[in-house]
Amino acid sequence: MANRQQTIYLDNAATTMVALEVCEAMLPFLGESYGNSTTLYHLGSAAQQAAETARQQVAGLLGAEKEEEIYFTSGGTESDNWAIISSVLGQKKRHLVISSIEHHAVLETCEDLAKLGLEIDFTALPVDVEGRVNPEELRRALRPDTALVSIMHANNEIGTVEPIRELAEIAHEQGVLFHTDAVQTAGKIPVDVKELGVDMLSLSGHKFHAPKGTGALYLRKGTRLNAFMHGGGHERNRRSGTVNIPGVVGLGKAAELAGEWLESEMPRLKQLTEKLWTGIAAAIPQVTRNSPVEGSLPGMLNVTVAGAEGEAMLMYLDMHHGICISSGSACTTGSLDPSHVLLAIGVPAETAHGSLRFSMSHYTTEAEIDTTIAAMSVEIEKVRAMSPTWDG
Amino acid sequence: MANRQQTIYLDNAATTMVALEVCEAMLPFLGESYGNSTTLYHLGSAAQQAAETARQQVAGLLGAEKEEEIYFTSGGTESDNWAIISSVLGQKKRHLVISSIEHHAVLETCEDLAKLGLEIDFTALPVDVEGRVNPEELRRALRPDTALVSIMHANNEIGTVEPIRELAEIAHEQGVLFHTDAVQTAGKIPVDVKELGVDMLSLSGHKFHAPKGTGALYLRKGTRLNAFMHGGGHERNRRSGTVNIPGVVGLGKAAELAGEWLESEMPRLKQLTEKLWTGIAAAIPQVTRNSPVEGSLPGMLNVTVAGAEGEAMLMYLDMHHGICISSGSACTTGSLDPSHVLLAIGVPAETAHGSLRFSMSHYTTEAEIDTTIAAMSVEIEKVRAMSPTWDG
Amino acid sequence: MYSDKVMEHFENPRNIGEVENPDGTGNVGNPVCGDVMKVTIRVEDGRLAEIKCKTLGCGAAIATSSITTEMAMGMTLDEAMALTRDDIAQALGGLPSNKMHCSNLAVDGLHEAIADYRSHNS
Amino acid sequence: MYSDKVMEHFENPRNIGEVENPDGTGNVGNPVCGDVMKVTIRVEDGRLAEIKCKTLGCGAAIATSSITTEMAMGMTLDEAMALTRDDIAQALGGLPSNKMHCSNLAVDGLHEAIADYRSHNS
Ligand SMILES: Cc1ncc(COP(=O)(O)O)c(C=O)c1O
Ligand SMILES: Cc1ncc(COP(=O)(O)O)c(C=O)c1O
Ligand code: FES
Ligand code: FES
């Protein structure tokens with residue numbers, strides 16, 4: 001369409017490019033090395049060794065004490081579903097505490113479970129204007145029948161990092177298990193399961209340059225959790241299903257790379273984020289920043305643009321500039337559904353429809369940010385010129 | 001190890017090589033085309049189109065009326081778990097009927113559910129000496145509270161094909177849903193969901209030259225089934241989790257290839273199977289065939305060798321000849337656990353420990369079968385010479 | 001996701017803006033729902049001589065505003081009143097099922113503008 | 001899965017067979033469980049002068065039979081009686097945890113053969 005010569009990919013919180021090194025590491029397992037990790041013959045042992053190396057790489061990224069604490073899954077959604085469902089299904093304690101800005105993989109799981117008539121219910125904690133959970137709210141929400149607290153490490157729409165260590169301590173004081181969805185943080189900021197003090201942690205490979213359909217659940221040694229996927233007893237009987245060897249190898253390699261990149265990437269992405277924000281704010285009137293300035297993921301910026309609608313903006317940015325970003329509303333049958341996260345931090349629905357999320361990666365360049373700022377001011381002017389609610 | 005110069009891979013019922021064509025189809029999606037199938041911008045639409053093409057390819061292989069009846073999963077285990085768990089969890093009817101020779105993905109799921117205290121129970125139907133379910137047994141097992149019948153299309157250890165059409169009809173007469181685990185048949189023998197008359201069907205990509213970690217559940221239009229994986233609402237709200245685009249593309253391509261190969265491969269593999277059997281039976285005394293001669297998967301042969309143990313045989317075959325096969329017992333803590341399938345068809349435990357499964361593919365050659373026959377007679381003689389229970 | 005026709009109208013939306021001293025005005029939608037449209041018309045000899053639209057909304061909203069103004073131009077008021085959301089969606093080569101409500105909006109806005117005109121002129 | 005040492009013994013198992021006119025015989029295991037061993041010994045001057053083993057069993061069973069006979073050769077009967085399954089597993093560079101029961105079996109067979117010898121010679 002139109003004159004798109006380039007792609008400026010700023011939707012890395014949605015999914016990322018597979019790193020070249022990752023793809024290369026996977027290729028043998030899409031070729032000659034096709035053995036099954038549970039079999040005895042030579043092809044099988046190559047697969048098994050590759051899976052164990054990957055397990056070490058992931059354990060290394062998370063500072064896990066033992067690599068056996070890492071269980072491979074098909075992604076962040078599965079890891080979240082597993083942690084939540086198995087914590088309450090058929091258990092005596094059936095109350096869950098989450099935050100109101102969790103990803104759908106947590107939120108919908110709780111809602112769907114509650115609807116199934118299994119006598120499961122949950123409390124969704126409010127957040128402040130920056131999207132942060134107040135530890136005192138958690139303390140008040142805990143009940144004698146609370147089985148699990150699940151609060152995300154960082155939010156996927158605005159980037160707010162939650163005080164996990166403090167929250168986990170409060171849960172543990174009451175003997176309640178703590179899970180965190182670290183899908184947005186693993187590989188991006190330090191994630192140390194011991195420092196965080198969590199019992200379970202979800203991650204997803206495709207958020208840090210591994211392929212889609214890969215993920216893991218960290219399960220602290222000694223933590224009891226039923227299987228979610230039953231069958232041949234793979235992953236020490238906790239996650240059955242033939243192990244996705246190429247995927248797992250890619251996940252391991254990506255974890256290794258992310259660990260190497262992390263320290264230099266964090267300040268670089270933080271700087272690019274501030275550059276993007278100041279650039280936009282200087283060029284375009286009535287833009288609001290939804291991502292906190294402090295305690296937020298480097299490389300993520302969520303803004304709302306008054307008098308403009310998200311989808312239209314992102315489509316013009318794509319068509320005319322090859323810029324790939326996300327907007328904060330999704331079209332459901334009947335009307336636009338504004339992001340539950342933006343509503344939770346107090347953004348009014350009418351403004352929330354005009355929100356955009358930029359999310360960067362290792363591959364994002366300063367030149368791309370410059371282009372994006374320029375493109376934004378052009379396209380937003382156009383969209384606003386069409387708008388009946390804008391008379392700038 | 002030793003002087004292994006070749007690999008003769010005869011464990012295709014465990015997993016298969018990724019076809020070159022499949023790997024090639026996937027590569028763009030491990031490279032440039034890394035978009036998310038649910039996003040609006042240009043990278044996203046390429047992913048979405050690729051996923052929809054794959055859905056058509058899989059629907060084509062299964063003779064599904066509409067491609068929307070295909071839901072992508074992370075493999076056969078997930079498809080089986082989904083069909084079973086969602087049929088009874090939180091539902092009024094909580095009784096399941098399966099066969100006693102189901103794969104662990106079905107069997108263990110039922111057992112684990114029953115143990116969870118959710119008031120779910122199941123009946124495992126016996127099979128005859130060939131491993132076949134008697135439709136009359138199903139009729140007797142159905143109860144007013146039966147929610148689902150799940151019987152595999154073909155068994156993964158001995159290859160017996162079940163009379164699915166007849167069994168599904170009996171279930172439907174009583175208004176009970178019918179699921180079949182077609183993991184071993186999809187891509188190997190004709191699988192037509194309309195002819196079989198099933199409501200749900202599981203398949204797994206890595207059994208027919210797609211990569212590990214791919215699979216699908218066919219769900220007949222109009223069939224109600226809750227989600228198993230909850231979250232962002234992917235796959236028309238039925239299977240959340242970022243779609244594994246490279247995997248799905250590979251699955252689609254493999255389905256297309258399998259459809260093309262099927263007609264010529266069936267007689268070829270049937271002939272190779274008979275050749276292998278007659279060769280072994282002629283060269284080695286006291287070998288018994290466990291796979292039926294008629295109504296069995298072409299390319300699969302299960303035998304028991306008196307006075308020999310499976311693991312030892314398969315390890316020598318691997319070390320000295322590069323032959324990869326499976327044995328019928330698994331080592332659990334404490335002793336060898338003989339295959340539940342062999343026990344169900346009446347093989348005594350002591351004999352079951354000496355069982356081997358050969359399973360072929362499109363890539364299996366006649367020369368490999370010749371080599372295998374020769375290798376078998378050498379290695380079995382050695383193993384028997386060590387055995388205190390053999391005095392041939 | 002969108003048809004080529006939708007994309008073409010989205011890329012080059014026709015008749016954006018407001019008719020000066022309009023004969024009728026329709027305001028539909030609601031900022032809370034994310035879509036707002038203002039349709040203004042000029043009527044000459046019982047026909048729509050000018051139609052303009054201002055739109056806050058998604059790609060579908062913009063494309064349907066554009067094609068609706070284009071289709072209705074020159075129609076008699078009765079003809080324009082007979083336009084349905086299906087006519088619009090069809091002219092666009094179809095719309096994704098979850099985007100159908102926006103095809104409603106433009107037609108509604110036009111109908112409201114005509115009703116407004118008629119309320120002054122009958 | 002198996003250590004190199006296990007593989008090496010599995011590849012070239014030592015002392016397979018039966019001692020002719022043995023001084024003691026041990027039969028352990030059960031075909032139903034998948035492992036059967038027959039250990040035969042010849043004793044000279046209170047020491048194990050010959051040990052042979054026949055084994056039906058998995059890779060671990062074959063490797064442990066082999067290394068057990070090798071280790072015990074030349075030992076006094078008391079020394080051989082003091083051999084434990086951990087000694088065997090350790091000498092093999094470890095065994096997978098679900099394979100530990102086979103390391104038991106060979107030692108048990110040897111001990112039974114010695115007990116058999118002693119029952120005739122005391
Ligand atoms: C915070 C968070 N949790 C969970 C998920 C789901 O992970 P996946 O896409 O691997 O299913 C995502 C991304 O989609 C996410 O951002
Ligand atoms: C009959 C049958 N069902 C289910 C499965 C599980 O499928 P997957 O390996 O994709 O998890 C297998 C293979 O392992 C199988 O043979
Ligand atoms: S907002 Fe336009 S169709 Fe939903
Ligand atoms: S059969 Fe030998 S260790 Fe299990």
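Below, read A as the first sequence line, B as the second, and so on, with proteins coming before strands; counting in each chain starts at 1. Heavy atoms only: backbone and side chains are in, while hydrogens, waters and symmetry mates are out.
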Query - Step-by-step side chain to side chain donor-acceptor pair (under 3.5 Å) determination, A:His104 to B:Ser240 - result: CA-CA 9 Å; A:His104 288 291; B:Ser240 288; over 6 Å; no
Requested in this report: Can you see which heavy atom on B:Ser74 is nearest to which on A:Arg239, and at what distance?
Outcome: OG-NH2, 3.5 Å
Query - Proximity breakdown for B:Val243 and chain A, heavy-atom pairs closer than 4.5 Å - result: backbone
Query - Residue selection (most heavy-atom pairs with chain B, distance under 4.5 Å) from A:Gly44, A:Gly215, A:Gly35, A:Ser33 - result: A:Gly35
Query - Shortest non-hydrogen separation from A:Lys212 to B:Tyr34 and the atoms involved - result: NZ-O, 2.8 Å
Query raised in the report: Using non-hydrogen atoms only, which part of B:Cys23 is less than 4.5 Å away from chain A: side chain, backbone, both, or neither?
Result: side chain
Query raised in the report: Tell me, side chain or backbone of B:Asn226 under 4.5 Å from chain A's heavy atoms, or both, or neither?
Result: side chain
Query raised in the report: Which distance, rounded to the nearest 0.5 Å, do you find between the NE2 of B:His230 and the CD1 of A:Ile85?
Result: 4.0 Å
Report task. Flag the one option from A:His103, A:Glu78, A:His234, A:Met315 with the top tally of heavy-atom pairs under 4.5 Å to chain B. Result -> A:Glu78
Requested in this report: Please report the closest heavy-atom contact between B:Glu108 and A:Gly231, naming both atoms and the distance.
Outcome: CG-O, 3.4 Å
Report task. Measure B:Leu317 against the heavy atoms of chain A and call it side chain, backbone, both or neither at under 4.5 Å. Result -> neither
Query raised in the report: Top residue by heavy-atom pair count (under 4.5 Å) with chain B, among A:Asn81, A:Asn244, A:Thr16?
Result: A:Asn81
Report task. Report the option among A:Phe29, A:Tyr9, A:Trp82 that has the most heavy-atom pairs separated by less than 4.5 Å from atoms of chain B. Result -> A:Tyr9
Query raised in the report: Got a second to check how far B:Leu89's CG is from A:Leu89's CG, nearest 0.5 Å?
Result: 5.5 Å
Query raised in the report: If you count heavy-atom pairs under 4.5 Å between each of B:Thr77, B:Leu20, B:Thr214 and chain A, which one has the most?
Result: B:Thr77
Query raised in the report: Which residues, numbered in order, of residues 112-122 of chain B come under 4.5 angstrom of chain A by heavy-atom distance?
Result: B:Asp112, B:Leu116, B:Leu118
Report task. Please look at B:Gln91 and chain A and tell me whether the side chain, the backbone, both or neither of the residue comes under 4.5 angstrom of a heavy atom of that chain. Result -> side chain
Requested in this report: Test side-chain contact (heavy atoms from CB on, under 4.5 Å) on B:Leu43 and A:Asp11 and set out the steps.
Outcome: CA-CA 10 Å; B:Leu43 275 181; A:Asp11 202 16; over 6 Å; no
Query raised in the report: Checking B:Thr73 against chain A: side chain, backbone, both or neither under 4.5 Å from a heavy atom?
Result: neither
Report task. To the nearest 0.5 angstrom, please state how far the NZ atom of A:Lys207 sits from the OG1 atom of B:Thr242. Result -> 5.0 Å
Query raised in the report: Contact part of B:Leu30 toward chain A, heavy-atom cut-off under 4.5 Å: side chain, backbone, both or neither?
Result: both
Query raised in the report: Closest heavy-atom contact between A:His42 and B:Gly322?
Result: CE1-O, 3.8 Å
